[in-house]
Amino acid sequence: MKVVATEKALRAQVQRWKSNGETVGFVPTMGALHQGHLRLVEEARKRCDRVVVSIYVNPTQFGPEEDYLRYPRPWSKDRVLCQKNQVDLVYRPQNLYLSGASTWVFEEELSKGRCGGGRPTHFRGVATVVTKLLNQVQPDRAFFGWKDAQQVEVIQRVVRDLNIPVQIEPVEIVRDRDGLALSSRNVYLSGQERDRALAIPLLLQVAVGKVNSKAWLIKTLSKIQGIKLDYVEKSQGRLCVAAWVGKTRLLDNRVLPLKRSMSSR
Ligand code: AMP
């Protein structure tokens, strides 16, 4: 497995593979890898000859009060996980932004509301960094988790609108044994907070079976002590939740049965 930090070294390697007729799958991450990330790697390995993983904690997608500085960065562990999962190349740049950079990718419709409501510059940061990474790696396919459902929607739109020649491949959410959606931020949860957080996947699962799933989930989750609901919304045939447990904001969603995904309740 190669580890490179520069765009030049990355492009040289990808170019060599492509000139041999090999296809390239790309998994962008912020590191602190878990089985959710590794599922994306697995999908990439199934569908492409070579797999590139990027590890970069992107400062522009964090708000000023958010956890950029304390975001976990366990590089030695990540490196071993990539190696064990047959990643061909890890791209680990120090910094992706030139000083004085003044160009942004701003998707103006799907970025509004939900996560974009409470985090007004978040999707601008995501769209910009993903566009930069896609331009640098030039993969055939790029893999994203449904865990961040709005992110999938925004990226698909950006790729379509800007004619970026890549196939976006969304991958289903991977959960811990207790049902909690895996996230690098779960390490922030205390034991008690984690117990409380389990109400989110449990109630979400019950909600998707109900006719008035959205209204029911809002009402039920609002009553749970220790959980502060940010939003419940339907999108892309999914019921999506964001909620605070202590100082940690958690996301989750589940596919709705076909008929239920059409109504707004
Ligand atoms: P992150 O490192 O949090 O930026 O995530 C990198 C990629 O992994 C994104 O496409 C996420 O949606 C995806 N991802 C994160 N957690 C999960 C999960 N539990 N299941 C599936 N994909 C995930």
Side-chain angles (χ1 to χ4, degrees), residues 25-47 51-63 66-68 70-75 77-79 81-82 85 87 90-93 96 110 114-115 119 122-134 137 139 141-159 166-189 194 197-198 200-201 204-205 235-236 238 240-242 248-255:
F26 177 42
V27 179
T29 81
M30 297 206 299
L33 302 179
H34 50 65
Q35 288 302 321
H37 297 112
L38 297 176
R39 179 68 55 80
L40 305 189
V41 168
E42 192 184 322
E43 284 303 313
R45 271 209 340 261
K46 272 193 221 152
R47 302 208 187 178
V51 179
V52 175
V53 169
S54 65
I55 296 184
Y56 180 63
V57 184
N58 172 37
T60 65
Q61 70 189 69
F62 290 80
E66 293 180 3
D67 55 339
Y68 173 67
R70 72 178 184 126
Y71 197 86
R73 290 164 170 85
W75 165 236
K77 195 174 152 227
D78 285 351
R79 184 194 188 113
L81 283 174
C82 286
N85 288 273
V87 170
V90 177
Y91 180 40
R92 188 170 170 254
L96 278 179
L110 303 170
R114 288 183 283 159
C115 291
R119 308 180 75 190
H122 173 66
F123 286 113
R124 184 185 71 166
V126 168
T128 302
V129 82
V130 170
T131 302
K132 285 166 72 68
L133 286 166
L134 291 175
V137 179
R141 297 171 191 273
F143 297 78
F144 291 85
W146 274 121
K147 155 90 177 3
D148 301 279
Q150 194 174 3
Q151 173 170 283
V152 169
E153 294 172 47
V154 170
I155 297 301
Q156 282 175 328
R157 179 64 63 86
V158 167
V159 161
V166 64
Q167 179 67 39
I168 300 301
E169 305 277 3
V171 176
E172 199 42 80
I173 298 180
V174 179
R175 298 174 180 282
D176 225 327
R177 255 175 261 163
D178 55 13
L180 193 66
L182 290 172
S183 163
S184 307
R185 289 189 166 100
N186 289 354
V187 295
Y188 298 154
L189 297 169
R194 199 190 153 95
L198 290 181
I200 298 169
L204 183 57
Q205 191 171 18
S235 187
Q236 299 276 298
R238 287 169 182 265
C240 306
V241 189
T248 310
R249 189 167 169 280
L250 300 176
L251 297 182
D252 203 347
N253 65 76
R254 272 192 185 270
V255 175

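First listed ligand is number 1; within each ligand, the first listed atom is number 1.
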Novice: Should the proximity of Gln35 to ligand 1, defined as any heavy atom under 4.0 Å, be assigned to the side chain, the backbone, both, or neither?
Specialist: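 The answer is neither; Gln35 stays 4.0 Å or more away.
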Novice: In terms of side-chain geometry, is the basic nitrogen of Glu66 or Arg119 positioned less than 4.0 Å from the acidic oxygen of its partner?
Specialist: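 Looking at Glu66 and Arg119, the cut-off is met.
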Novice: Please state whether Pro28 comes within less than 4.0 angstrom of ligand 1, counting heavy atoms only.
Specialist: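 Pro28 counts as a contact of ligand 1 under the 4.0 Å cut-off.
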Novice: Given Arg185, Lys147, Glu172, Arg39, which one has a non-hydrogen atom that is nearest to atom 17 (C) of ligand 1?
Specialist: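 Selected option, by shortest heavy-atom distance: Lys147.
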Novice: Between the side chains of Arg175 and Asp252, is the shortest nitrogen-to-carboxylate-oxygen separation below 4.0 Å, so that they form an ion pair?
Specialist: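 Answer for the salt bridge query: yes.
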Novice: Counting heavy atoms not belonging to Arg39, are there more than 12 under 6.0 Å from its CZ?
Specialist: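 Counting neighbours around CZ of Arg39, 12 or fewer heavy atoms of other residues, nucleotides or ligands fall under 6.0 Å, so no.
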Novice: Please check if any side-chain donor atom of Tyr188 sits under 3.5 Å from a side-chain acceptor atom of Asp67, or the reverse.
Specialist: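 Short answer, yes.
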Novice: Does a side-chain N-to-carboxylate-O contact under 4.0 Å join Glu153 and Arg238?
Specialist: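 Salt bridge flag = no for Arg238 with Glu153.
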Novice: Which atoms of ligand 1 sit under 4.0 Å from any heavy atom of Leu182?
Specialist: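 Contacts of ligand 1 toward Leu182, numbered from 1: 16 (N), 17 (C), 18 (C), 19 (N).
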Novice: Could you tell me the residue and atom name of the protein heavy atom closest to atom 10 (O) of ligand 1, and the distance to it rounded to 0.1 Å?
Specialist: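 Nearest protein contact, heavy atoms only, for atom 10 (O) of ligand 1 is Gly145 N, 2.9 Å.
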Novice: Can you sort out which atoms of ligand 1 are near Thr29, meaning under 4.0 Å from one of its heavy atoms?
Specialist: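 By the 4.0 Å cutoff, the relevant atoms are 2 (O), 6 (C).
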Novice: Does ligand 1 have any atom that is closer than 4.0 Å to a heavy atom of Arg175?
Specialist: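 It does not; every heavy atom stays at 4.0 Å or beyond.
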Novice: Going by side chain to side chain donor-acceptor pair (under 3.5 Å), Arg141 matches just one of Glu169, Glu43, Gln167. Which one?
Specialist: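 Among Glu169, Glu43, Gln167, the one that satisfies the side chain to side chain donor-acceptor pair (under 3.5 Å) with Arg141 is Glu169.
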Novice: Closest non-hydrogen protein atom to atom 4 (O) of ligand 1, residue and atom name please, with distance?
Specialist: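 For this ligand atom, the closest protein heavy atom is Met30 CG, 3.6 Å.
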Novice: What atoms of ligand 1 come within less than 4.0 Å of a heavy atom belonging to Gln151?
Specialist: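 Those qualifying, in numeric order: 9 (C), 10 (O).
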Novice: Can you tell me which portion of His37 lies within the under-4.0 Å heavy-atom range of ligand 1? Options are side chain, backbone, both, or neither.
Specialist: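 Contact part for His37 vs ligand 1: side chain (C-beta onward).
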Novice: With a cut-off of 4.0 Å, which atoms of ligand 1 are near a heavy atom of Asp148?
Specialist: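 Those atoms are 11 (C), 12 (O).
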Novice: If the threshold is 4.0 Å, N to carboxylate O, is there a salt bridge linking Asp176 and Arg194?
Specialist: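 The answer is yes: the pair qualifies as a salt bridge.
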Novice: Looking just at side-chain N and O atoms, do Thr60 and Arg124 make a donor-acceptor pair shorter than 3.5 Å?
Specialist: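 Arg124 and Thr60 do not have a side-chain donor-acceptor pair below 3.5 Å.
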Novice: How does Leu40 reach ligand 1, if at all, at less than 4.0 Å between non-hydrogen atoms: by side chain, backbone, both, or neither?
Specialist: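 Only the side chain of Leu40 comes within reach of ligand 1.
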Novice: Under 4.0 Å from a heavy atom of Phe144: give me the atoms of ligand 1 that qualify, with their elements.
Specialist: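 It comes down to these atoms of ligand 1: 10 (O).
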